[in-house]
Amino acid sequence: MTIFQNMNITSSALTANRLRMDVVSSNMANAETTRGTYVNGEWQPYKRKMVVMQSDRSPSFSSLLHFEINKSQNNGVKVTDIVEDNTPFNLVYNPKHPDANDQGYVQIPNVDPLKEMTDLISATRSYEANVTVFNTNKSILTKTLEIGK
């Protein structure tokens with residue numbers, strides 16, 4: 001393990017959680033957008049987006065027991081994809097809306113503000129925890145350098 005590997009791992013988590021916060025804010029900003037994408041000749045509402053993350057590298061159990069970890073690889077987290085939520089759109093009766101169908105219903109995005117706020121709090125807390133880890137690691141490295149004085 002290199003001296004800066006902990007900082008690399010923590011910074012990858014900071015980057016991933018920052019992207020999670022950006023996607024949540026985009027979802028909240030488009031919670032009322034009835035014309036998100038143009039599909040098959042008609043406008044579709046905005047679809048909620050979600051961030052998919054995974055471990056940057058997952059070593060096998062036996063390699064951990066035998067200390068066969070490749071030191072050049074990072075053990076952090078990476079964002080593999082941003083996917084759209086395929087839950088159905090909500091229907092709201094509003095016959096005066098310009099996007100209302102023949103029955104007077106409007107399809108609104110599948111964004112639930114409560115769910116988005118929960119995701120935002122989770123991402124924020126994860127970000128804060130990783131900042132604390134980063135600062136603690138920086139402090140430990142600084143104290144280690146002071147030993148030689």
Side-chain angles (χ1 to χ4, degrees), residues 1-64 68-143:
M1 180 179 275
T2 66
I3 192 167
F4 295 110
Q5 189 170 4
N6 288 338
M7 288 184 159
N8 291 337
I9 292 168
T10 306
S11 64
S12 71
L14 289 170
T15 303
N17 282 304
R18 170 70 190 270
L19 182 61
R20 275 180 67 197
M21 289 187 275
D22 288 345
V23 168
V24 168
S25 64
S26 173
N27 289 341
M28 290 295 287
N30 289 295
E32 299 293 324
T33 304
T34 57
R35 294 185 183 187
T37 55
Y38 196 70
V39 179
N40 296 331
E42 61 183 41
W43 286 100
Q44 295 290 318
Y46 175 83
K47 283 189 176 182
R48 176 179 183 257
K49 294 177 179 41
M50 300 174 293
V51 176
V52 178
M53 295 186 286
Q54 75 176 30
S55 173
D56 199 10
R57 182 180 67 89
S58 54
S60 67
F61 184 70
S62 64
S63 70
L64 290 174
E68 298 172 359
I69 299 173
N70 184 351
K71 292 173 179 56
S72 66
Q73 288 185 332
N74 190 1
N75 289 333
V77 64
K78 65 179 178 180
V79 174
T80 57
D81 201 5
I82 298 176
V83 296
E84 291 183 343
D85 187 0
N86 288 323
T87 58
F89 297 119
N90 302 317
L91 291 176
V92 174
Y93 184 72
N94 187 358
K96 294 182 181 180
H97 194 282
D99 293 326
N101 61 14
D102 295 338
Q103 293 82 26
Y105 287 97
V106 179
Q107 286 184 329
I108 61 170
N110 56 357
V111 176
D112 180 10
L114 183 61
K115 189 183 290 186
E116 297 303 321
M117 289 306 295
T118 304
D119 287 348
L120 182 61
I121 290 169
S122 172
T124 304
R125 297 275 168 87
S126 295
Y127 190 90
E128 290 170 352
N130 281 292
V131 167
T132 302
V133 169
F134 190 87
N135 287 334
T136 302
N137 191 36
K138 185 172 68 171
S139 174
I140 289 170
L141 290 174
T142 303
K143 293 294 182 184

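Heads up: numbering here begins at 1 and tracks the sequence. Keep in mind it's a predicted model, so treat the numbers as computed, not measured. Quick note: numbers below take in every heavy atom, side chains included, and nothing from hydrogens, waters or symmetry partners.
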Let me confirm one number: the [atom1]-[atom2] distance from [X] to [Y], rounded to the nearest 0.5 Å.
| X | Y | atom1 | atom2 | value |
| --- | --- | --- | --- | --- |
| Met50 | Ile82 | CE | CD1 | 11.0 Å |
| Leu141 | Thr136 | CG | OG1 | 11.0 Å |
| Ser11 | Arg18 | OG | CZ | 14.0 Å |
| Ser122 | Met21 | OG | CE | 10.5 Å |
| Thr33 | Tyr46 | OG1 | OH | 8.0 Å |
| Asn6 | Phe134 | CG | CZ | 10.5 Å |

Before you tell me yes or no, could you show the steps for Phe89 and Lys47 under side chain to side chain contact (heavy atoms under 4.5 Å, CB included), namely the whole-Å CA-CA distance, both residues' side-chain angles and the distance that decides it to 0.1 Å? CA-CA 8 Å; Phe89 297 119; Lys47 283 189 176 182; 3.7 Å; yes
Check [X] against [Y] and note the closest heavy-atom contact, atom names and distance.
| X | Y | result |
| --- | --- | --- |
| Ala13 | Val77 | CA-CG1, 3.4 Å |
| Ser25 | Asp22 | OG-O, 2.7 Å |
| Gly76 | Ser12 | CA-OG, 3.3 Å |
| Ser55 | Lys78 | O-CE, 4.2 Å |
| His97 | Thr34 | CE1-OG1, 3.6 Å |
| Val79 | Val51 | CG1-CG1, 3.7 Å |

From the options Asn90, Thr87, Asn27, select the one residue that forms a side-chain hydrogen bond (donor to acceptor under 3.5 Å, both in side chains) with Asn110.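 For Asn110, the side-chain hydrogen bond (donor to acceptor under 3.5 Å, both in side chains) test succeeds with only one of Asn90, Thr87, Asn27, which is Thr87.
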Does the side chain to side chain contact (heavy atoms under 4.5 Å, CB included) test come out yes or no for Tyr127 and Leu14, once each step is laid out? CA-CA 6 Å; Tyr127 190 90; Leu14 289 170; 3.6 Å; yes
Derivation and outcome, side chain to side chain contact (heavy atoms under 4.5 Å, CB included), residues Glu128 and Thr124: CA-CA 6 Å; Glu128 290 170 352; Thr124 304; 3.7 Å; yes
List the steps, then state whether side chain to side chain contact (heavy atoms under 4.5 Å, CB included) holds for Asn135 with Lys138. CA-CA 5 Å; Asn135 287 334; Lys138 185 172 68 171; 3.9 Å; yes
Do Thr10 and Asn137 have side chains that approach each other closer than 4.5 Å (heavy atoms only, starting at C-beta)?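 No. Closest side-chain heavy atoms not under 4.5 Å.
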Output yes when Asp119 and Arg20 qualify as a salt bridge under the 4.0 Å nitrogen-oxygen rule, no when they do not.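 Salt bridge between Asp119 and Arg20, a charged N being under 4.0 Å from a carboxylate O: no.
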Between the side chain of Asp81 and the main-chain N/O of Val83, is any donor-acceptor distance below 3.5 Å?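 No, the answer is negative, given that no donor and acceptor are paired below the 3.5 Å cut-off.
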